[in-house]
Structure formats: C-alpha cells, structure tokens
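Just below is one structure, and these are the notes that go with it.
Atoms considered below: every heavy atom in the structure, side chains included; atoms not considered: hydrogens, waters and symmetry mates.
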Amino acid sequence: MARSKPLGNKTTQTPTWAMSTLALALSSAMLPVAMAEEVNLDTVVIEDNKVAAEANPYAEPDAPYKAKKLSDSKRTRDIADTPQTMTVLTKEAIADSGKTELKDILSAQPGITLGTGEGGNSFGDRYIIRGYEARSDVFTDGLREPGLISRETFALEQVEITKGPSSTFAGRGSTGGAVNSVTKKASLDDDFLTLSGGLGTDDYQRYTVDANKVVSDEFAIRLNALYSDAEIPDRGPAEEQRQGILLSTVYEPTDVFRVTADYYHFRADDRTDPGVAVDGDTGQIYKYDYVGQDGLDFHESGADIFTLGFNVELADGVKLENKTRIGETENEFVISTYSSRSDATRTFSDWQENDYIGNQTNLIIDQNLWGKRHTIVTGIELAKEKMDAGDLEANPSSVSVDPYNADNDVWSGTVSKLDAKTKLELKTVSAYVMDTVTLSDDWEVFAGVRYDHFDYELWTAASNGRGGPQPEMDRSYSDGFWNGHAGVVFSPWQNGNVYASWSTSSNINGGEADAGGSCGYGGLCSDDDGNYKSGDPEQSTNWELGTKWNLFENQLLLTAAVFQTTKDDVIEGGNNSYSGGGSLNTGKNRVQGIELGLSGNVTEKLSGQVGFAMMHSETLEAFDPADEGKAKANFAKRSFNGQLKYQSTPKFAFGGGVTYSSGMFGGQPDAAANTDISIPGYIVYDAFASYDINKNMTVRANILNLFDKDYYTALYRGGSIVYKGDARSANVNLTYKF
C-alpha cells in the first residue's frame with residue numbers, strides 16, 4: 001500500500017556543567033528583593049530594547065547560565081522556591097555546549113541515560129530518568145508531545161527537567177520525571193534578525209535564522225529556521241541531516257488579552273550506523289567496519305505541529321489561559337544489525353505515524369484569602385492520541401551483507417509502506433487543583449491533586465513473529481486514577497531554605513502508546529487468560545528532602561536533595577515481550593539517591609552549571625524470584641556533568657565541559673538488569689571559546705570529545721545494539737545580529 005520512495009545517500013548533523021538536584025523556597029522576606037530585580041530588568045529593557053527582545057525571559061538577569069523560573073504557569077514560584085529537584089538548561093548554556101540534539105544534551109545530565117529499541121532507534125529519542133522510562137514524558141511549552149521523533153535545539157529558549165514522580169502536573173507516567181522544551185516566542189519589544197552559520201570536521205555545516213518583526217503595536221511574528229548536515233564523527237558515510245522551522249506570532253490588542261499561535265515543521269533524514277554490539281556470552285563489545293547495508297539503511301522522522309493559545313486577565317490577580325495543539329509525527333527506519341547469537345545480519349524495518357490533539361485550560365488566582373497569600377491553579381486537560389504502525393517492504397526484499405567487509409556490494413532500490421498492523425487510540429480527560437500558601441515569612445506550603453480518566457483501544461493484525469502465531473485482536477478498556485503532590489518550605493534565612501516534598505505518579509497498562517501491543521517495551525500487556533486491563537495502574541511514590549540557596553545577589557543557585565522513589569504494581573514484560581503476554585502488577589522496585597547542583601555566576605567573570613547524582617536501585621519484587629535484589633537496567637549509579645565559562649575580556653570568553661557516567665547493565669528500563677551484558681563507564685571532555693568581533697558579530701569554536709574518547713551511551717536489552725558516543729569533532733560558528 002501507499003507510497004514508494006527511492007533510497008539513496010542520506011545526510012546529517014553533529015551534534016553544560018549541568019544542574020542537578022535540590023530543593024526550594026525563599027521566604028516572603030525575599031519578595032522585596034525579587035521586586036527590586038524586576039525593576040532592574042525593566043531598566044535593561046529601556047537601555048537596550050534589542051537585547052531585551054532576544055533575552056531568555058525565564059533566565060536570571062545578568063546570569064545567563066541560571067534560570068530564574070520555569071515557563072509552566074502551573075509552577076507559580078521561582079525555581080529557588082519550589083520544593084522539587086529541577087535541572088534547567090538555558091539557551092546560552094546549550095549554545096556554549098555545542099550540542100544541538102536534545103538526546104545528547106539530556107544524556108549528559110546527571111540521573112539521565114538513553115535507551116534503545118529494535119534497530120537502535122525504533123522509538124525515536126528514548127530518555128530514561130532515574131532509571132524509569134520517560135520517552136512519553138516529553139512536553140513542549142507545557143503540553144504533552146507524543147510521537148517518535150528526533151528533537152533539535154534551534155528553536156528552544158530553555159530545557160526544563162523536573163525529577164521525581166509528578167503526575168499532578170504531567171498526567172500519566174512521569175515516574176522518574178519529565179522534560180519540557182520551551183520554544184522561542186514572538187516579541188512585541190523590537191525587531192531583530194540573527195543569522196548563524198557553521199562549518200567543521202566531518203563535513204559539518206549548520207545554518208540558522210532567528211528573525212522577529214513587530215508588524216504593529218499589537219502584532220508581531222518570529223521565524224526560527226534550521227538547516228544542518230554532517231557525517232557522524234569518524235563514522236562516515238553514516239550521516240544526519242536536519243531541517244526545521246518554527247513560525248510564532250503574538251497578537252495583544254489590550255494590556256490584559258494576548259493570543260499566540262505557532263507552527264513547527266521538522267524533518268530528520270539519517271543514514272544510520274549501529275555498528276556495535278555486545279556478545280551476551282562473553283560480554284565482549286564488537287565493533288564493525290561497515291555502515292549497515294549500503295544504500296538501504298536509513299532513519300527518518302518528522303513533525304508538523306500547530307499550537308494556538310490565549311491569556312486573559314479577568315481581574316487583578318485572576319488570569320485565564322488556554323492552549324490547543326494539533327500535531328502529527330512520523331518515524332521510519334530500515335536498520336541492519338549483527339546478531340552474535342545467530343552469527344548473521346538481521347534487518348529491522350518499521351513505520352509509525354502519530355496524530356494527536358490536546359487542550360489545556362488553567363485558571364490562576366493569586367490573591368490574599370483568609371488572611372494569607374494563596375496562589376491557586378485549577379484546570380482541565382483533554383487529549384486524544386492516535387497511532388498507526390506497520391512494516392516497510394524493501395524491493396528487492398533481501399540482501400546478503402558481510403558485516404566484517406567494508407567493501408560489501410552497493411544496493412539500491414525502494415521501500416514501500418505496508419498496511420498498518422497496529423492501530424491505537426487513547427483518549428484522556430484530566431482535572432486538577434493546586435494551591436501554594438504563604439503562611440508566614442518563614443513558611444510556605446504547597447498541595448495539589450489530579451484525576452485522569454482514559455479510554456484505551458488497540459487493534460493488532462494477525463501475525464506470525466518470534467512470539468509465535470498471534471490472531472487479529474481488538475482490545476479496549478477504561479480506567480482512572482488520582483495523584484497528589486505536597487511540599488513544605490522553611491526559609492528562616494535570607495538567602496536559603498530547606499524543604500520536604502511528597503509526590504505520586506501513575507501509569508496505565510500500555511502507557512507507552514508508541515509500543516502498541518509489545519508488552520516488554522511498555523505496550524499493552526495481557527495475563528495468561530487474555531485479560532488486558534491490569535488490576536491497578538502502576539503506582540509510584542517519591543519522598544524528597546532538600547535545600548536551595550540563592551547567593552551573590554541571586555546570581556548563583558546551590559541545591560542539594562536526597563530522595564527515594566518506590567514503584568509498586570509494576571507490569572512486567574514476562575518472558576516474551578514480542579507478544580502481548582506479561583505479568584500484571586507483579587513487580588516492585590526502588591531508587592534512592594542524592595543530587596547536588598550549582599548554576600549561575602561563581603564570580604563576575606566565571607559562570608557555570610554543575611550537577612552530580614549518586615543513586616542506588618533495587619528490584620524488590622518480581623515475577624521471577626531470581627530477579628529480586630538486582631539493580632535496574634540502563635541505570636548509572638553515578639553521573640556528573642559540569643560546564644564552566646570564563647569571560648576573560650569583554651570580548652573574549654572560553655570554557656569547557658566534562659561528562660561522567662558509571663557503567664550500566666542492559667535490559668528493559670523497568671526490569672531487573674541483565675548482568676551478562678554491560679557497557680563501561682566513561683569521562684568525556686569538551687572545550688569552547690567565543691570572541692565578539694564587533695557589537696554585531698560573534699565567532700564561537702567548539703571541540704567535542706576533546707581527547708577522542710571511545711565510549712558507549714546505551715545498549716539494547718539483548719546486547720545486539722550499542723550506541724557509540726561520537727568521536728572528536730570541531731566546528732566554528734559565526735553569528736551576526738542586525
């Protein structure tokens with residue numbers, strides 16, 4: 001069925017001291033200081049409107065590596081006053097790092113690792129936070145964004161990572177945390193145009209445009225555009241190509257009413273290079289000298305997303321906001337890997353399309369009630385996700401490849417999309433209310449509750465795969481769950497506080513919608529009697545104790561936290577994840593740890609972002625008693641990321657970064673580790689420098705993996721696929737601001 005397309009050469013792309021952990025809350029005594037900062041920011045706007053227009057509205061003034069607040073309006077306090085671990089990466093920190101793909105940025109952060117699927121990237125970018133699957137816990141501007149795509153940074157203002165269960169804010173899932181990407185918005189402040197172009201090793205080229213035009217006093221439009229193309233460092237002809245635009249508008253006819261709209265278009269076109277595997281018997285890592293099947297292997301993904309929103313101030317301290325999003329994503333790949341088990345090359349090929357619509361309405365009341373300041377957020381959220389998936393057929397359909405022969409025969413042809421073999425529809429209705437109450441200068445409390453109700457429908461075609469013959473099946477069920485979140489902040493000191501928080505999350509059977517009926521990947525599981533609804537959703541509970549300190553006139557934030565996350569009623573994949581069968585609500589696991597973080601200005605010239613996480617995981621209960629006591633899979637016990645920048649002169653700055661991760665065992669993210677396969681720990685160093693040629697032109701140079709370290713970032717559960725970190729690369733970017 002459907003379209004055929006020629007296969008040829010694919011193309012490319014290459015691609016912070018981090019943050020880390022912590023706690024919350026300044027006292028009300030800090031409000032005058034915060035107000036003083038607002039006045040100072042206004043002064044900057046008056047003095048240099050163009051600087052203000054391009055500045056990150058969520059960053060701390062004059063401390064570009066430090067975010068002051070989150071973009072999500074449900075988060076009503078500054079980061080330093082919020083009782084939860086958060087890592088926020090500003091656009092300045094991201095730009096200095098030289099990393100341009102979200103997966104590379106996130107995998108460098110403490111407590112976050114990457115996962116794989118069949119063929120390596122069959123699930124798109126796959127994030128694991130504190131040992132828990134998070135590939136569906138990805139949001140953009142506060143709305144969930146499902147779909148299997150590669151994600152870029154060219155149109156991002158900042159990346160916000162919240163740690164620990166938070167279904168009260170995020171809905172289903174979010175056991176380990178959630179990721180929110182904040183996009184660049186049109187501004188009524190002033191016109192600006194920023195052009196950037198870069199060249200580097202491995203045929204690297206990257207061009208971006210950021211243009212804002214104030215059409216009238218009430219209307220403005222902003223365009224961000226990207227073209228990027230590069231070989232994967234030291235692994236050409238494996239390569240990546242990225243193309244994207246974000247078109248954003250704002251209409252503000254009055255001081256109390258604003259309408260925003262944006263359209264995002266993105267395409268990734270890669271020629272893939274699995275190239276590495278782990279032998280399950282010996283633990284040896286195999287490296288191959290080929291790039292898949294020449295002319296055949298590829299990975300393509302794309303997105304088209306439209307968002308419309310409005311904000312209206314109904315009264316002093318009362319605001320209503322609404323956002324609606326309609327989007328579609330697609331993911332296709334043909335990837336060849338070598339299996340040491342069968343001593344042969346296997347080819348994986350699939351396509352998947354996701355369509356979704358979501359709407360979120362929030363009413364925010366920030367007023368003195370009953371003698372105390374209350375900030376109340378109440379809202380409803382509606383969503384419908386649809387997924388179709390099937391196979392790709394290559395013509396010709398079989399090719400013999402010697403994985404050890406770099407001169408294997410060139411193959412060319414077409415692939416066609418076959419009829420869908422999986423169709424899924426997931427409808428969700430959610431309602432929530434939360435309140436932050438300032439009890440005194442020293443005490444502030446937060447509490448919230450949320451209810452999610454969903455209807456789940458899944459159709460799968462008859463199949464005859466490795467799981468044996470499977471009949472055509474229709475499966476559906478409905479369910480709902482409550483979640484809560486509470487925190488208390490004690491701040492008797494002018495610049496610091498201690499806090500404690502409790503939060504929960506829930507996930508449904510089949511909550512990883514992109515997996516369809518593949519139980520072992522988070523898809524819908526059944527028991528031996530064919531029942532598809534689990535007795536209970538998976539339930540997670542988190543306890544956290546932390547402290548946060550705003551130092552040096554709020555230019556530097558220090559954080560520390562200890563936490564424990566326990567997940568009950570875990571739906572386990574059973575012994576055969578290629579069919580729907582599994583073990584319902586038989587598992588239980590726990591992660592305990594500590595996170596430390598620093599972000600902002602250490603001195604007038606030295607900026608930095610640093611994070612460290614040390615964690616311990618344990619499988620407490622399992623359908624297989626032999627798994628009890630084991631650590632979680634794809635779990636790094638220790639991880640560190642640091643990025644420093646030194647402004648040597650008003651025009652010249654230089655810095656570097658270091659990323660460390662301990663070794664990991666393979667296996668599914670929510671299962672006990674497979675101790676027979678593992679990848680070693682690693683340390684990777686980066687370096688950068690920038691120079692302002694004049695007030696409009698800046699040149700920046702980056703060297704990634706400075707010492708050309710051989711390292712690995714993720715491994716498939718059976719070891720047949722291992723992600724190899726990029727070799728050393730260098731690039732120079734020139735930016736001109738009109």
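Test Val88, Asn180, Leu106 against Ile161 for side-chain contact (heavy atoms from CB on, under 4.5 Å) and you get one pass: Leu106.
In this structure a side-chain-to-backbone donor-acceptor pair under 3.5 Å is present from Asp624 to Ala626. Judged purely by atom type and a 3.5 angstrom limit, Glu572 uses its side chain to pair as donor or acceptor with the backbone of Phe623. A distance-only check finds a donor-acceptor pair linking the side chain of Glu544 to the backbone of Thr85 [under 3.5 Å].
Heavy-atom contacts from other residues, nucleotides or ligands closer than 6.0 Å to CH2 of Trp502 number more than 12.
Geometrically, Lys632 does not engage Phe665 in a cation-pi contact defined by less than 6.0 Å to the ring centre and at most 45° from the axis. Taking the ring centre of Tyr127 as origin, the terminal cationic atom of Arg151 falls outside the region bounded by 6.0 Å and 45° from the ring axis.
For the 3.5 Å distance criterion, the side chains of Tyr132 and Asp137 fail to qualify, holding no donor opposite an acceptor. Looking at Asp269 and His299, their side chains never bring a donor and an acceptor atom within 3.5 Å of each other. Neither side chain, Glu330 nor Ser301, offers a donor N or O lying under 3.5 Å from an acceptor on the other. In the model, Thr504 has a side-chain atom that pairs as donor or acceptor with a side-chain atom of Asn483 under 3.5 Å.
Remark: Ser107 engages Leu114 in a side-chain contact (heavy atoms from CB on, under 4.5 Å) (not counting sequence neighbours). With sequence neighbours left out, Glu160 forms a salt bridge (charged side-chain N to carboxylate O under 4.0 Å, His left out) with no residue at all. Tyr711 meets the ring-ring contact (aromatic ring centres under 6.0 Å, His included) test with Tyr682; sequence neighbours excluded. Every residue two or more places apart in sequence or in another chain that forms a salt bridge (charged side-chain N to carboxylate O under 4.0 Å, His left out) with Lys567 is listed here: Glu538, Asp670. In this structure, the salt bridge (charged side-chain N to carboxylate O under 4.0 Å, His left out) partners of Asp686, at least two apart in sequence or on a different chain, are Lys99. For Phe169, the ring-ring contact (aromatic ring centres under 6.0 Å, His included) partners at least two apart in sequence or on another chain are Phe446, His485.
Between Arg728 and Asp234 there is no salt bridge, since no side-chain nitrogen of the basic residue lies less than 4.0 Å from a carboxylate oxygen of the acidic one.
Ring geometry, Phe707 versus Tyr685: the interplanar angle exceeds 60°, so the pair is classed perpendicular (tilted spans 30 to 60°).
Heavy atoms only, all atoms of each residue included: Ser136 and Asp514 are closest at OG-OD2, 3.9 Å.
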